[in-house]
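Read the structure below first, then the notes.
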Amino acid sequence: MPPEARDILAMNAFDPAADGADAQASPGLLERRRANFGAASVLFYRRPIEMVRAEGCRMTAADGTEYLDFYNNVPSVGHSHPKVVEAVRAQMAVLNTNTRYLNAVTEGYIERFKALLPEGAWNVVLSCTGSEANDLALRVAMEATGGEGVVVTETAYHGNGYLTTQVSPASWRKGAPPASVRAVAAPSVEAYGEDVAGGFAAAVAEAFAALAAEGRRPAALLIDSVFSSDGVFPDPAGFLAPAVAAARAAGALVIADEVQPGFGRTGAGMWGFARHGIAPDMVTTGKPMANGYPMAATAARPEHLAAFCERFGYFNTFGGNPVAAAAGGAVLDVIEGEGLIENAARVGARLKAGLEEAAAGDARVGAVRGAGLYLGVDLLTEGAPDPALAVRVIDGLRARRIMVGACGKYGHTLKIRPPLPLSESEADRFVAAFGETLAELS
Ligand SMILES: Cc1ncc(COP(=O)(O)O)c(C=O)c1O
């Protein structure tokens with residue numbers, strides 16, 4: 001029997017009730033953290049790490065330990081990338097203001113960004129976080145369709161605002177999203193059998209039909225095209241197309257949440273949805289967009305945005321400021337200049353092959369899924385999801401100075417997403433450490 005669905009934020013997190021003050025590496029800092037953050041404090045690892053600097057794919061802790069970062073998809077072009085640092089420094093020294101003035105840096109960025117989107121006219125609203133980008137996309141979809149019904153996947157996470165929490169089943173520790181939100185199983189073979197495309201599309205169609213039967217008009221299908229918090233389900237590429245058609249047939253708009261797969265991570269073009277050959281009605285981005293400088297975007301068709309703006313004004317004080325635009329532009333320069341999409345494809349394939357090899361013959365390792373440098377590895381005991389084993393593997397990798405997280409409905413999937421400049425030797429180091437950890441745990 002599978003275990004209970006898990007609260008991912010709580011997995012392998014420091015727990016003040018269970019983990020004593022001796023868990024800390026940095027005297028006093030943990031108490032200050034608890035006093036400052038209160039109940040909202042979430043720290044990785046039962047023995048939290050104090051980080052002091054990072055470069056490329058490496059992060060250095062206060063005690064001098066250097067970790068390989070296989071967790072963090074925000075500094076996607078590499079921690080502290082000199083080109084991004086310099087772009088921020090130079091623009092910050094000249095002008096940083098809001099978008100109610102004309103500014104060529106911001107317009108230049110948006111023009112580059114639009115050129116990366118599917119054909120046709122787009123408008124782009126810049127903001128600071130993925131949550132804001134999704135909140136606006138949902139509101140635009142609701143105005144443009146006159147509907148309220150939203151379909152998401154079962155363990156989706158789309159943000160921390162009021163509306164985005166409603167469409168994020170993963171965030172609910174108690175209770176559930178409202179009746180206007182329907183969650184369907186993530187597109188896995190376990191849920192839908194071999195015909196993932198057909199099964200997922202049928203589930204989406206059923207969910208919209210159920211909403212309509214309750215008098216709730218469809219507004220949006222909101223999907224992260226690698227289904228990251230659901231457990232990483234990128235394949236077979238193309239499987240999303242029938243679900244997109246089903247959503248449109250129901251009268252909903254399709255929002256591609258590219259906060260996780262966007263900006264080259266899948267190694268197959270700039271966007272995760274591109275692997276599926278679909279053109280969404282809206283695209284939202286965040287995290288890796290400016291390599292850690294807060295920057296996010298909602299790209300919408302002009303007529304949909306106009307419908308929203310007839311009813312509401314929208315202004316975002318920090319969104320699209322020239323420093324963010326300069327950072328975002330530097331990120332695009334680095335992705336192109338350093339061939340990071342190609343690197344994600346090449347090193348990601350090597351990493352996946354290595355993990356498959358390490359997994360062969362070890363019944364504790366289930367499926368290895370992945371596209372480019374976004375991978376998921378299931379950990380099992382007697383064929384059933386084992387989140388406790390995932391935590392032990394995460395700790396075993398930490399002991400080998402590699403950081404990685406977990407995801408999925410049961411929290412038994414290792415979530416592997418290092419910065420895109422990952423080298424072959426760094427990928428090999430991960431594979432070796434994964435094998436050693438498993439051997440140690442047997
Ligand atoms: C798929 C997805 N969408 C949206 C968000 C929210 O982004 P942010 O934390 O920048 O608000 C996240 C954050 O983890 C995410 O993974």
Side-chain angles (χ1 to χ4, degrees), residues 7-11 13 37 40 42 44 71-76 125-141 150-172 177 181 183-184 186-187 220-234 240 254-266 271-273 275-276 280 282-299 316 318-320 324 327-328 331 371-376 404-409 411 413 415-417:
D7 170 7
I8 300 287
L9 279 183
M11 272 196 65
F37 280 59
V42 179
F44 289 134
Y71 181 84
N72 202 334
N73 64 338
V74 175
S76 204
V125 180
L126 295 174
S127 52
C128 308
T129 66
S131 302
E132 287 176 278
N134 281 330
D135 176 84
L136 179 62
L138 288 164
R139 293 175 68 200
V140 168
V150 179
V151 175
V152 294
T153 46
E154 214 173 13
T155 315
Y157 179 72
H158 294 292
N160 61 11
Y162 183 75
L163 185 53
T164 47
T165 297
Q166 293 189 347
V167 296
S168 298
S171 291
W172 294 69
V181 177
V184 296
L221 171 66
L222 173 58
I223 34 165
D224 155 5
S225 57
V226 291
F227 299 90
S228 46
S229 52
D230 280 292
V232 189
F233 295 101
L240 271 180
V254 175
I255 305 169
D257 178 342
E258 289 286 326
V259 168
Q260 295 274 349
F263 294 96
R265 179 152 292 275
T266 65
W271 311 117
F273 65 77
R275 296 177 67 250
H276 290 279
M282 273 184 267
V283 179
T284 56
T285 64
K287 289 186 194 274
M289 190 170 189
N291 214 46
Y293 190 96
M295 186 182 197
T298 306
N316 192 308
F318 298 115
V331 165
L373 282 172
Y374 212 125
L375 292 94
V404 71
C407 60
K409 182 175 173 184
T413 305
K415 180 169 61 174
I416 301 166
R417 42 176 199 186

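Order of listing sets the numbers, starting from 1, for every ligand and every atom in it. Residue numbers run from 1 in the order of the sequence given.
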- Do you know the tightest heavy-atom contact between D257 and P261? O-CD, 3.8 Å
- Message: Using a 3.5 Å distance criterion without hydrogens, assess whether the side chain of S168 forms a donor-acceptor pair with backbone atoms of H158.
- Response: yes
- In short, T165 meets S171 closest at the heavy-atom pair CG2-CB, 4.2 Å
- Task: Distance to 0.1 Å, residue and atom name: give those for the protein heavy atom nearest to atom 7 (O) of ligand 1.
- Result: G130 CA, 3.4 Å
- Would you say D257 touches ligand 1, if touching means a heavy atom closer than 4.0 Å? yes
- Query: Once you round to the nearest 0.5 Å, how far does NZ of K415 lie from OG of S229?
  - Reply: 7.5 Å
- Query: Counting both backbone and side chain atoms, is some N or O of K287 under 3.5 Å from an N or O of ligand 1?
  - Reply: yes
- Query: Taking both backbone and side-chain atoms of D224, is any N or O found less than 3.5 Å from an N or O belonging to ligand 1?
  - Reply: no
- N/O separation below 3.5 Å, G159 to ligand 1: no
- Shortest protein heavy-atom distance from atom 16 (O) of ligand 1, along with the residue and atom involved: Q260 NE2, 2.6 Å
- Item | Sub-4.5 Å side-chain heavy-atom contact between R275 and S225 | no
- Message: Distance check, rounded to the nearest 0.5 Å: W172 atom CH2 versus Q166 atom CD?
- Response: 6.5 Å
- Query: Any idea which part of N134 is under 4.0 Å from ligand 1, heavy-atom wise: side chain, backbone, both or neither?
  - Reply: side chain
- Message: Distance under 4.0 Å to a non-hydrogen atom of V259: what atoms of ligand 1 satisfy this?
- Response: 2 (C), 3 (N), 4 (C), 5 (C), 12 (C), 15 (C)
- Message: What verdict does the side chain to side chain donor-acceptor pair (under 3.5 Å) test give for N316 and S127, after you've listed the backbone C-alpha separation in whole Å, the side-chain angles of each residue and the deciding distance to 0.1 Å?
- Response: CA-CA 6 Å; N316 192 308; S127 52; 4.5 Å; no
- Task: Among T155, N160, T153, find the residue that satisfies the side-chain contact (heavy atoms from CB on, under 4.5 Å) test when tested with Y157.
- Result: N160
- Query: Looking only at heavy atoms, is any part of T129 under 4.0 Å from ligand 1, and if so is it the side chain, the backbone, or both, or is it neither?
  - Reply: both
- Query: ligand 1 and S131, any nitrogen or oxygen pair closer than 3.5 angstrom?
  - Reply: yes
- Around atom 2 (C) of ligand 1, find the nearest protein heavy atom and jot down its residue, atom name and distance. Y157 O, 3.3 Å
